[in-house]
Protein chains: 2
Amino acid sequence: MRRGPLETLITGVDTRTSHSQVVDVLGRAIISGEFPVGTILPGDQELALRFKVSRTVLREAMKTLAAKGLIVPRARIGTRVTARNQWNLFDSDILTWHFHNGIDEDFLTHISEVRMAFEPHAAALAAIHATEAEISHMMRLAVAMGDPAHTPESLAVADLRFHLAVAEASANPFMRSVGSLIEAALVGIFKLSSPAADREGIEDVSRNHIRIVEQISRRDEAGARAAMEVVIRVGRARVRVAMDDAPETATG
Amino acid sequence: MRRGPLETLITGVDTRTSHSQVVDVLGRAIISGEFPVGTILPGDQELALRFKVSRTVLREAMKTLAAKGLIVPRARIGTRVTARNQWNLFDSDILTWHFHNGIDEDFLTHISEVRMAFEPHAAALAAIHATEAEISHMMRLAVAMGDPAHTPESLAVADLRFHLAVAEASANPFMRSVGSLIEAALVGIFKLSSPAADREGIEDVSRNHIRIVEQISRRDEAGARAAMEVVIRVGRARVRVAMDDAPETATG
DNA sequence: ACACTCATATTGTCATATGATATGATTTTT
DNA sequence: AAAAATCATATCATATGACAATATGAGTGT
């Protein structure tokens with residue numbers, strides 16, 4: 001399985017190359033507004049000095065950030081931080097960086113809105129295109145979510161797996177591309193509060209997910225769509241409650 | 001206004017840096033399957049030689065492609081072309097490259113599905129959040145689409161402007177990020193067939209778009225959603241007809 | 001006042017050398 | 001003979017120093 005923010009979060013693995021370290025620090029600094037939108041970054045030399053890397057590494061890091069739309073370099077002018085609406089918000093790294101500073105309720109709301117637009121549609125497409133093998137796979141994943149032994153972490157992983165499987169079954173490559181978005185949303189929700197806290201929560205979640213697979217298996221587009229909407233709505237509600245209960249935990 | 005594939009297509013501007021040339025050629029080669037998924041690219045040195053650039057430039061280009069998820073480098077192994085589902089399909093460049101080789105009907109269908117999931121939702125959100133200024137702006141754009149003097153190009157630009165304005169009015173940054181996707185879809189549709197060919201086509205398009213703004217202005221979420229669905233459905237239908245009529249034009 | 005030239009600062013490109021890492025062959029050990 | 005450890009090697013990663021291209025703004029001349 002690929003290494004996403006959720007796995008990184010859980011495993012804490014951080015053995016990385018010099019290049020990606022610079023990318024991470026610079027990326028987070030830009031996202032957090034430490035280098036505000038519209039301003040010019042320090043020059044290559046100064047940044048290389050500051051990060052204690054060669055200009056080669058620094059420039060490659062800049063190209064990486066430029067590819068994600070965060071910055072745009074111009075000769076003699078400098079490298080400017082681009083407007084937010086040019087950032088590729090569907091990029092896995094950018095999403096991760098967004099959550100690094102702290103959890104922004106507005107941002108989570110926006111992600112929920114996107115999921116609300118996307119995933120029910122994906123479920124409906126899955127009802128059309130899913131193979132029998134994919135259906136039984138999804139069912140296994142949905143059932144596995146009900147395991148009462150789940151820790152918050154393992155539940156989040158199981159949750160992610162299920163939603164990615166649905167996206168896969170939709171047979172639309174764009175839906176699969178939204179995987180990183182789903183991942184970021186689950187990380188955010190998971191950091192706030194996990195339904196794994198109480199057994200009934202787990203059972204509810206599992207049951208709701210199983211219902212999605214049942215509708216897909218029945219080839220009922222509208223049913224699958226509705227079932228998915230319920231799941232996302234529940235997740236969003238949990239976020240709202242958690243933020244209201246303990247807004248001070250939102251800094252972690 | 002920012003330089004997107006649509007503008008590039010029309011203006012034909014191509015004054016670019018050595019770096020971006022390599023990125024473009026390599027990117028297109030990967031997307032087209034010239035370097036198949038899962039295979040190892042030629043080494044740095046050979047590629048640098050082939051493109052007649054320094055290894056520095058080549059490596060920076062590779063970092064750009066890696067940032068978009070197309071390739072992943074590993075020491076001693078080589079640089080591997082990643083699986084398609086790791087590609088960031090919402091990246092403006094990747095979308096452009098997809099259309100460069102020729103128009104793939106499946107791909108256009110997939111984009112239409114995504115638009116169908118996204119834009120009606122964006123219209124509904126716009127019905128909630130749009131300011132009066134935004135509404136009158138959208139209305140101006142919708143009316144401007146009805147100008148009978150439109151060339152296929154100018155109509156495509158007007159079309160794009162409108163849909164981006166709706167995304168903007170949704171007040172959700174992710175919706176705005178989908179701009180590049182909309183852009184790619186319009187380029188594809190526009191290359192196939194333009195409603196600017198006949199006056200009735202133009203009037204129809206304009207009328208349908210005005211209806212969206214009316215619903216938004218009325219703060220009618222469901223109405224805005226439905227009106228947007230109509231517009232996207234019409235566009236998709238035009239693509240289907242064009243492909244059936246003249247599949248041999250699909251190579252341009 | 002206007003147009004032109006030029007110094008200058010910053011990114012863009014180049015060439016070369018060394019380090020880090022993973023593979024596969026080789027050697028050593030059991 | 002089998003397994004483990006070692007080593008050569010190929011590839012990417014990093015470093016360094018130099019020069020080229022470019023856009024700004026000051027300076028110059030008309």
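Residue numbering restarts at 1 for every chain, and letters A, B, ... go by the order of the sequence lines. This one's a predicted model, so the numbers in the text were calculated from it and none came from an experiment.
- Side-chain N/O atoms of B/Arg76 and base N/O atoms of D/dA13 include no donor-acceptor pair closer than 3.5 Å.
- One distance of note links CG of A/Asp159 with NE2 of A/His150; it measures 9.5 Å at 0.5 Å rounding.
- Checking side-chain atoms of A/Arg176 against main-chain N and O of B/Asn85 turns up no donor-acceptor pair under 3.5 Å.
- Sequence order on DNA chain D of the closest nucleotides to A/Ile77 and B/Gln45 puts B/Gln45 first from the 5' end.
- Side chain of B/Glu134 to backbone of B/Thr131: a donor-acceptor contact under 3.5 angstrom is found.
- Rounded to a whole Å, the CZ atom of B/Arg80 is 14 Å from the P atom of D/dT11.
- Regarding contacts with the backbone of D/dA13, every side-chain N or O of B/Arg74 stays at 4.0 angstrom or more from both OP1 and OP2.
- Contact check, B/Arg59 against D/dA13: a side-chain N or O comes under 4.0 Å of OP1 or OP2.
- In this structure, B/Phe174 has its ring center no closer than 6.0 Å to that of A/His110.
- Applying the 4.0 Å criterion to OP1 and OP2 of D/dC12, one finds that B/Thr79 has a side-chain N or O inside that range.
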List the atom pairs, with distances to 0.1 Å, where a side-chain N or O of residues 69-79 of chain B and a protein N or O form a donor-acceptor pair under 3.5 Å, not counting sequence neighbours.
none

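- With axes fitted over five pairs at each extremity, the angle between the ends of the helix from C/dA1-D/dT30 to C/dT30-D/dA1 is 10° (10° resolution).
- A donor-acceptor pair under 3.5 Å links the side-chain atoms of A/His98 to the main chain of A/Ile94, judged by distance alone.
- The nearest heavy atom of DNA chain C to A/Met62 and to B/Val53 marks one nucleotide each, and the one closer to the 5' end goes with A/Met62.
- Here chain B contacts DNA chain C (any atom closer than 4.0 Å to a heavy atom, that is under 4.0 Å), and the contacts span C/dG12 to C/dT23 from 5' to 3'.
- From B/Lys68, atom NZ reaches atom NZ of B/Lys63 across 15.0 Å, with rounding to the nearest 0.5 Å.
- Residue-level contact check: B/Ser18 touches the backbone only, with heavy atoms under 4.0 Å from sugar-phosphate atoms and none from bases.
- Rounded to an integer number of Å, the gap from CD1 of A/Ile40 to P of D/dT24 is 11 Å.
- Here the side chain of A/Ser206 pairs a donor or acceptor atom with the backbone of A/Ala142 at under 3.5 angstrom.
- Mapping B/Glu60 and B/Arg55 onto DNA chain C by nearest heavy atom places B/Glu60 at the nucleotide closer to the 5' end.
- If you check the side chains of A/Ser170 and A/His121, you find no donor sitting under 3.5 Å from an acceptor.
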